[in-house]
Amino acid sequence: MARSKTVKSRVKAAAKKSARKVVRLKPNKAAAKAVGNGLPRPSAKPWGQVGRALEGVKILDFTHVQSGPTCTQLLAYMGADCIKVERPGVGDITRGQLRDVKGQDSLYFTMLNGSKRSITIDSKHPKGKEILDRLVKQCDVLVENFAPGALDRMGLTWEHIHKLNPRMIVASVKGFGPGPYEDCKVYENVAQCAGGSASTTGFRDGPPLVTGAQIGDSGTGVHLALGIVSALLQRIRTGRGQKVLCAMQDGVLNLARVKLRDQQRLAHGPLAEFSQHGEGIPFGKAVPRGGNDSGGGQPGWILKCKGWESDPDAYSYFITQAPVWGPICDLIGKPILSMKEIAEEQSLRATGTVVEVDHPGRGKYLTVGNPIKLSDSPADVRRSPLLGEHTDEILRKVLGYSEKEVADIKVSGAITPPEKPGKAEAA
Ligand code: COA
């Protein structure tokens with residue numbers, strides 16, 4: 001009782017305060033200008049101590065594998081509360097993929113799901129659906145990257161979500177946008193082929209190549225994160241949520257847009273910056289694989305450098321762009337970084353780009369921190385959650401279920417793995 005009174009009086013005081021603010025701003029245009037058109041006055045608090053950029057934003061995180069988790073992890077780094085929903089007993093499939101420590105969540109999972117909370121819910125169980133509806137009402141954004149139609153089959157159609165919470169932003173990664181391939185399930189390399197990256201990568205006398213950078217998965221996740229933040233900003237004006245869709249094909253094409261540029265330039269003559277032009281080899285109808293040509297209009301190539309005899313990564317990209325000639329010369333003789341060197345590079349640790357976290361099962365591991373640095377919003381990089389680690393906490397503290405209700409939910413089977421056949425009989 002005492003607590004709710006305090007909360008009530010705090011809310012009253014805050015309402016009074018904000019009402020006073022509005023009254024002051026309205027008639028006085030000069031004052032409004034000085035404070036930035038309705039924005040609060042610049043905080044006088046020390047940098048980094050005003051809470052994180054996305055604090056207060058709640059994400060219903062229905063993502064799995066890589067593309068969706070990349071997106072929600074970035075949002076979590078920015079301060080959003082990411083509640084990851086996983087299937088009881090199973091979880092995100094990557095928990096068990098490419099395991100390096102027996103019986104423990106893999107690096108694949110842990111490096112993409114840190115700074116989130118995990119709740120297990122069977123989304124097809126009636127009680128599970130009820131819990132999900134409650135989460136939909138509480139959260140600001142639902143992020144998912146299921147196969148096309150899977151969310152609808154769970155009953156979480158746009159209409160259903162929008163009815164429960166008209167402010168909800170529903171953000172999805174799919175392989176393709178609307179069109180002939182929209183029903184396809186897609187993984188990374190298909191997206192690299194469909195988005196025009198593979199056909200333009202590799203040497204011209206060899207097959208198309210996929211790149212090790214996960215431009216289809218992680219790249220699309222990054223695009224989606226920007227879409228979500230934009231929709232959150234728009235919601236401040238409109239008061240309503242919207243759908244955000246990022247197709248992996250579109251994401252790859254966006255990252256390979258210089259190749260689409262070159263495709264169009266081909267109609268006006270050979271691409272003079274490609275080494276094949278210098279060698280007198282004619283162009284075909286499509287942009288050729290560029291090998292290590294720079295693609296920026298200046299000659300460039302990968303060259304062996306110091307230590308190449310024993311170090312497979314001892315190569316340097318050399319480009320003769322006039323304005324950077326001096327710095328390039330300064331760099332000659334220094335290796336390009338290998339993954340081993342990146343992992344050990346102290347400057348990356350210092351900036352929080354590479355972070356060591358401690359996992360209760362697998363011990364310490366390195367993860368990639370927030371690559372997007374905000375001067376007033378330090379990233380909080382935490383280890384990934386164990387499967388269902390926060391189920392109780394979310395049911396009680398976020399959704400307000402009582403002890404008794406939580407106990408009933410547990411018995412219902414909505415948040416626990418199904419009993420193994422034979423176990424019940426044996427008992
Ligand atoms: N409770 C109950 N069921 C759940 C569940 C939960 N908590 N979470 C997932 N499921 C179910 C889904 O409802 C779906 O069931 P349905 O087929 O009966 O509708 C089922 O699990 C499988 O989901 P799906 O997304 O089809 O997984 P998949 O392993 O067959 O396919 C992908 C994986 C990645 C290929 C596919 O999800 C996809 O194409 N996603 C979009 C593109 C993408 O993000 N690709 C890159 C991944 S890095």
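This is a predicted model, so every value here is computed, not measured. Just so it is clear, the values below take in all heavy atoms, side chains as well, and ignore hydrogens, waters and symmetry mates. All residue numbers refer to positions in the sequence shown, counting from 1.
Smallest separation of non-hydrogen atoms from Gln66 and Gln214: OE1-CB, 3.1 Å. Contact between Glu389 and Leu386 at its shortest, heavy atoms only, is OE1-N, 2.7 Å. Closest of all the heavy-atom pairs between Leu132 and Leu156 is CD1-CD1, 4.2 Å. The shortest non-hydrogen separation linking Arg87 to Thr120 is O-CG2, 4.5 Å. Of all heavy-atom pairs spanning Pro69 and Lys116, the tightest one is O-NZ, 3.1 Å. Val136 and Met168 get closest at one heavy-atom pair: O-CE, 3.3 Å.
The distance from atom CG of Asn165 to atom NZ of Lys137, rounded to the nearest 0.5 Å, is 9.5 Å. Rounded to the nearest 0.5 angstrom, Arg265 CZ and Leu260 CG are separated by 12.0 Å. Between atom CD of residue Glu182 and atom NZ of residue Lys174 there is a gap of 11.5 Å, rounded to the nearest 0.5 Å. Distance check, rounded to the nearest 0.5 Å: NZ of Lys259 to CG of Leu253 gives 13.0 Å. Between Phe176 atom CZ and Asp183 atom CG the span is 11.0 Å, to the nearest 0.5 Å. Ile83 CD1 to Ile59 CD1: the interatomic distance, rounded to the nearest 0.5 Å, is 9.5 Å.
Judged by distance alone, with hydrogens and angles left aside, the side-chain atoms of Arg289 form a donor-acceptor pair with the main-chain N or O of Ser199 at under 3.5 Å. Counting only distance, with no hydrogens or angles, the side chain of His162 and the backbone of Gly241 share no donor-acceptor pair below 3.5 Å. Judged by distance alone, the side chain of Gln138 and the main-chain N or O of Val398 form a donor-acceptor pair under 3.5 Å. Proximity of a side-chain donor or acceptor of Ser115 to a complementary backbone N or O of Ala76 within less than 3.5 Å is not detected. A distance-only check finds a donor-acceptor pair linking the side chain of Thr157 to the backbone of His160 [under 3.5 Å]. In terms of modelled atom types and a separation under 3.5 Å, the side chain of His390 and the main chain of Glu393 share no donor-acceptor contact. Between the side chain of Arg134 and the backbone N or O of Leu399, at least one donor-acceptor pair lies under 3.5 Å. Between the side chain of Glu405 and the backbone N or O of Ser402, at least one donor-acceptor pair lies under 3.5 Å. Panel note: side chain Asp122, backbone Ala414; no donor-acceptor pair is recorded below 3.5 Å. Remark: the backbone N or O of Val65 is paired with a side-chain donor or acceptor of Asp92 at under 3.5 angstrom.
Two residues are said to be in side-chain contact when any heavy atoms from C-beta on lie closer than 4.5 Å; Leu107 and Leu98 fail this criterion. Annotation: side chain of Arg153 is not in contact with side chain of Phe146 (no heavy-atom distance under 4.5 Å). With contacts defined as side-chain heavy-atom distances shorter than 4.5 Å, the pair Arg235/Arg167 qualifies. Using a 4.5 Å heavy-atom threshold, the side chains of Ile119 and Leu395 count as touching. Tyr401 is not listed as a side-chain neighbour of Arg396, based on a closest heavy-atom distance of 4.5 Å or more. A heavy-atom distance below 4.5 Å is not found between the side chains of Val170 and Val141.
Thr211 and Gln192 share no side-chain donor-acceptor pair at under 3.5 Å. Side-chain contact annotation: His223 with Asp250, donor-acceptor N/O pair under 3.5 Å absent. A side-chain donor from one of Lys84 and Asn113 sits under 3.5 Å from a side-chain acceptor of the other. Checking Asp293 against Ser275 by side-chain atom types alone, a donor-acceptor pair falls below 3.5 Å. Side-chain contact annotation: Thr110 with Ser384, donor-acceptor N/O pair under 3.5 Å absent. With no hydrogens or angles considered, a side-chain donor-acceptor pair links Asn145 and Ser67 at under 3.5 Å.
Under the 30°/60° scheme for interplanar angles, the aromatic rings of Phe274 and Phe283 are found to stand perpendicular.
With respect to the salt-bridge test (charged N to carboxylate O, under 4.0 angstrom), the residues Lys404 and Asp408 qualify. Salt bridge Lys306/Asp311: absent, no basic N to carboxylate O contact under 4.0 Å.
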Under the side-chain contact (heavy atoms from CB on, under 4.5 Å) criterion, do Val85 and Ser123 qualify, and how do the steps go? CA-CA 9 Å; Val85 177; Ser123 63; 5.9 Å; no

Could you walk me through whether Ile169 and Leu142 pass the side-chain contact (heavy atoms from CB on, under 4.5 Å) test, one step at a time? CA-CA 6 Å; Ile169 291 155; Leu142 184 157; over 6 Å; no

Set out, in order, the CA-CA distance, both residues' side-chain angles and the distance that settles salt bridge (Lys or Arg N to Asp or Glu O under 4.0 Å) for Lys410 and Asp392, then state yes or no. CA-CA 10 Å; Lys410 282 186 182 158; Asp392 264 37; 3.1 Å; yes

Please determine whether salt bridge (Lys or Arg N to Asp or Glu O under 4.0 Å) holds for the pair Arg383 and Asp358, giving the CA-CA distance in whole Å, both sets of side-chain angles, and the decisive distance to 0.1 Å. CA-CA 6 Å; Arg383 67 163 176 86; Asp358 207 354; over 6 Å; no

side-chain contact (heavy atoms from CB on, under 4.5 Å) between Leu224 and Val244: does it pass, once the steps are laid out? CA-CA 7 Å; Leu224 191 72; Val244 180; 3.9 Å; yes

Given side-chain contact (heavy atoms from CB on, under 4.5 Å), test Ser197 with Leu255 step by step and report yes or no. CA-CA 8 Å; Ser197 171; Leu255 297 175; over 6 Å; no

Could you walk me through whether Arg95 and Asp105 pass the salt bridge (Lys or Arg N to Asp or Glu O under 4.0 Å) check? CA-CA 5 Å; Arg95 282 187 185 266; Asp105 290 336; 2.7 Å; yes

Assess the residue pair Arg117 and Asp61 against the criterion (salt bridge (Lys or Arg N to Asp or Glu O under 4.0 Å)); give the C-alpha distance rounded to whole Å, side-chain angles, the decisive distance to 0.1 Å, and a yes or no. CA-CA 9 Å; Arg117 299 199 271 180; Asp61 181 354; over 6 Å; no

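For Ser118, the side-chain hydrogen bond (donor to acceptor under 3.5 Å, both in side chains) test picks out Glu86, with sequence neighbours left out. Here Trp308 pairs with nothing under the ring-ring contact (aromatic ring centres under 6.0 Å, His included) rule; sequence neighbours left out. By the side-chain hydrogen bond (donor to acceptor under 3.5 Å, both in side chains) test, Gln234 pairs with Gln242, sequence neighbours left out.
Within 6.0 Å of CZ in Arg240 there are 12 or fewer heavy atoms belonging to other residues, nucleotides or ligands. For Arg99, the CZ atom is densely surrounded, since the number of other residues' heavy atoms within 6.0 Å is greater than 12. Atom CG of Leu245 sits in a crowded spot, with more than 12 heavy atoms from other residues, nucleotides or ligands closer than 6.0 Å.
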